[in-house]
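To start, the structure under review is shown below, and the notes come after it.
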Amino acid sequence: MCGIIGYVGDERKAMEVILDGLNKLEYRGYDSCGLAIIENDSIFIAKKSGKLENLKDFLKDKEERSFIGIGHTRWATHGNPSDENSHPHFSNDKRVAIVHNGIIENYLEIKAELIKDGCSFTSQTDSEVIAHLFSKYYIDDPITTILKVKERLRGSYAIGIIDRDNPEQIICTRKDSPLIIGVGKNKNFIASDVPAILKYTRNVIFLDNNEIAILKKDSVKVFNSFGVEITKDIIKIDWDMEQASKNGYPHFMLKEIEEQPSIVEKTLNTYTDNLGKINFNSSLNIDLSKIKEIYIVACGTAYHAGLQGAHFLKNISKIKADVDIASEFRYSDPFINENTLVIFISQSGETLDTLMAMKMSKSKGAQTLAITNVLGSSIAREADMVLYTTAGPEISVASTKAYTAQVTLLYLLAIYLGEKNGVVDNESYHSYLDIIYKLSNNIDLILKKKEEIKLISGFLKNKNDAFYIGRGIDSKCCQEGSLKMKEISYIHTEAFPAGELKHGTIALIEEGTPIIAIATQEDMVEKMLSNIKELKARGAYVIAITKERYTNIIEISDNFITFENIEDIIAPTVANIALQLLAYYTAVEKGVDVDKPRNLAKSVTVE
Ligand code: F6R
């Protein structure tokens, strides 16, 4: 989704910092971009649809003369991707320029009113009203003005504003869209996310909803929703540029896939102590005697991690656990109350549907636990309890390492709750832990099969469709494998419980139709064998992902990727690594922009 960067400092390098920041924010997904700087007592705006290169090209002969500016990458919602609809937007008097991430739900009503006042609009966006309102309401101080503007806005927003008449300051605010402040020496920044400013500072202030900040080169003042100045903690970011860079890999996605063994180990080290016990310290404070049911709520890949998590909770902790998609859950009027624990999973911690589902759950009295990868994110701050995944920054739009970190953490959570629940005794506690301790090594082994997997992707790249089948928890793993393939290779894929195919979809199977069959569950191998036979009889080309010992599955399949005989409960997590690599190499073979697939955004901050 949209990305914001702003700089005010003692060096004339606003354009350089902004273009560099926009480059770092590209991973969020965008279709146009722009910047505004103050120079010679006026605001200069440049904006272009398409890639950042277009903007850089446009600016290549422009001399760097500015100490202050804001920039934006836009992911179109209201109005097509065009130069006019790109941000920043001017007020009519060209006094202010604004950038906005989010959606102003009542913009049509405000726009009509502003047009009546004589205001003219240059874009179709919802965002432009903010510039006109700011200019219309400007009295004599920015805080009073922005409070008046905020009174009018409904929806979600992170906003950055520069003002020609106050050329030494950036004004910003947020509500349900991310915005952070980078605090440097004689330079300060606003940004949608940490990578945009990490080159300049690791000191960050996380703005809370409805807070406002005024940044000058040597000061940052934060105000609450009543306009009263408040003190905010400065948090030190504990990861560096190296973690947010490709480090020699051709794509972030491959780098992130390969980081997974060490991320599993880091998760285990973080959440177990030297006595071999799971330790969530004070992060977790669940009164299990009150909890009758657990919901897991998330979107996309995080939802798929939740499916694995629910399997752990049912099988290990013997707790009833339902999983729902956040955009459905939030409107489903679920029967939840103070006896429900709702676990929200989100890599970014900013997914709007997940955030809103959490707010709704809290309003019904449920206990909320966030599992997120981003320190200080909206979801982390809104939840009653937070467990952080320790995956480090995930830059590739397609989520890989965050999923594995989420699954590992959910596994630990299930053992922890199972012990609390009195169903996991000391012996099984340690044998469950022994299983997860093998995960990292098993992922390592499957990563060594990259070349084999690459060969299979050579076959898939020319196909228009593929089906993923599995039974039981494997069918949930298929959902993630299918999503990964479609989002980065643009091949149409669908995931099915294997037994369901013959209830309709088998009609689509013809000579050479690819079937990716996941078979990792001992009690399902025979059934999977029958399903594979049915499909092969109709000409399907079956690629099995299975354990080495299931030789009957291997023999009947056209191609296969095998892994060691790891325990069933964690085997789909190993199979998933093969599915990630399969998707990755297929996308590479097709020449797709792997890290930034079309139409997608890393952080989905609109509904
Ligand atoms: C797919 C992918 C998305 C995200 C989803 C939720 O590869 O990355 O499906 O998983 O948008 O995002 P978070 O986890 O940030 O809430």
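In each ligand, atom 1 is the first atom listed, and ligand 1 is the first ligand listed.
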Polar contacts were defined as any N/O atom of the residue lying under 3.5 Å from an N/O atom of the ligand; does this apply to Ser399 and ligand 1? yes
Do the charged groups of Lys484 and Glu487 touch, with an N to O distance under 4.0 Å? yes
Output the list of atoms in ligand 1 that are nearer than 4.0 Å to some heavy atom of Ala398, sorted by atom number. 7 (O)
Is there a donor-acceptor pair closer than 3.5 Å between any side-chain N or O of Gln521 and the backbone N or O of Asp568? yes
OH on Tyr468 to SG on Cys477, rounded to 0.5 Å: 10.0 Å
Measure the distance from atom 12 (O) of ligand 1 to every protein heavy atom, then report the residue, atom name and distance (to 0.1 Å) of the closest one. Thr351 OG1, 3.4 Å
among protein heavy atoms, the one nearest atom 3 (C) of ligand 1 is Thr301 N, 4.0 Å
Measuring from the heavy atoms of Thr372, does anything fall under 4.0 Å of ligand 1? no
Looking only at protein heavy atoms, identify the closest one to atom 7 (O) of ligand 1 and say how far it is in Å. Glu487 OE2, 2.5 Å
Against heavy atoms of Ser346, which atoms of ligand 1 measure under 4.0 Å? 13 (P), 14 (O), 15 (O), 16 (O)
Please determine whether side chain to side chain contact (heavy atoms under 4.5 Å, CB included) holds for the pair Tyr541 and Lys463, giving the CA-CA distance in whole Å, both sets of side-chain angles, and the decisive distance to 0.1 Å. CA-CA 11 Å; Tyr541 181 92; Lys463 299 290 176 182; over 6 Å; no
Proximal atoms of ligand 1 relative to Ala302 (non-hydrogen, under 4.0 Å): 10 (O), 14 (O)
When rounded to the nearest 0.5 angstrom, what distance separates CD1 in Ile415 from CG in Leu313? 11.0 Å
What protein heavy atom lies closest to atom 14 (O) of ligand 1? Include the residue and the distance to one decimal. Gln347 N, 2.6 Å
When the ring planes of Phe467 and Phe496 are compared, do they come out parallel, tilted or perpendicular, using 30° and 60° as the limits? tilted
Nearest protein heavy-atom contact for atom 5 (C) of ligand 1: which residue, which atom, what distance? Cys299 O, 3.6 Å
Can you tell me how far CD1 of Ile5 sits from NE2 of His72, rounded to the nearest 0.5 angstrom? 12.5 Å
Can you find a heavy atom in the side chain of Leu412 that is under 4.5 Å from one in the side chain of Leu268? yes
Hey, would you say the Phe189 and Tyr200 ring centroids sit under 6.0 Å apart? yes
Report, in ascending order of atom number, the atoms of ligand 1 lying under 4.0 Å from any heavy atom of Lys484. 1 (C), 7 (O)
Among all protein heavy atoms in this structure, tell me which lies nearest to atom 15 (O) of ligand 1, with the distance rounded to 0.1 Å. Ser348 OG, 2.6 Å
Among all protein non-hydrogen atoms, which one is nearest to atom 11 (O) of ligand 1, and what is the separation to 0.1 Å? Val604 CG2, 4.0 Å
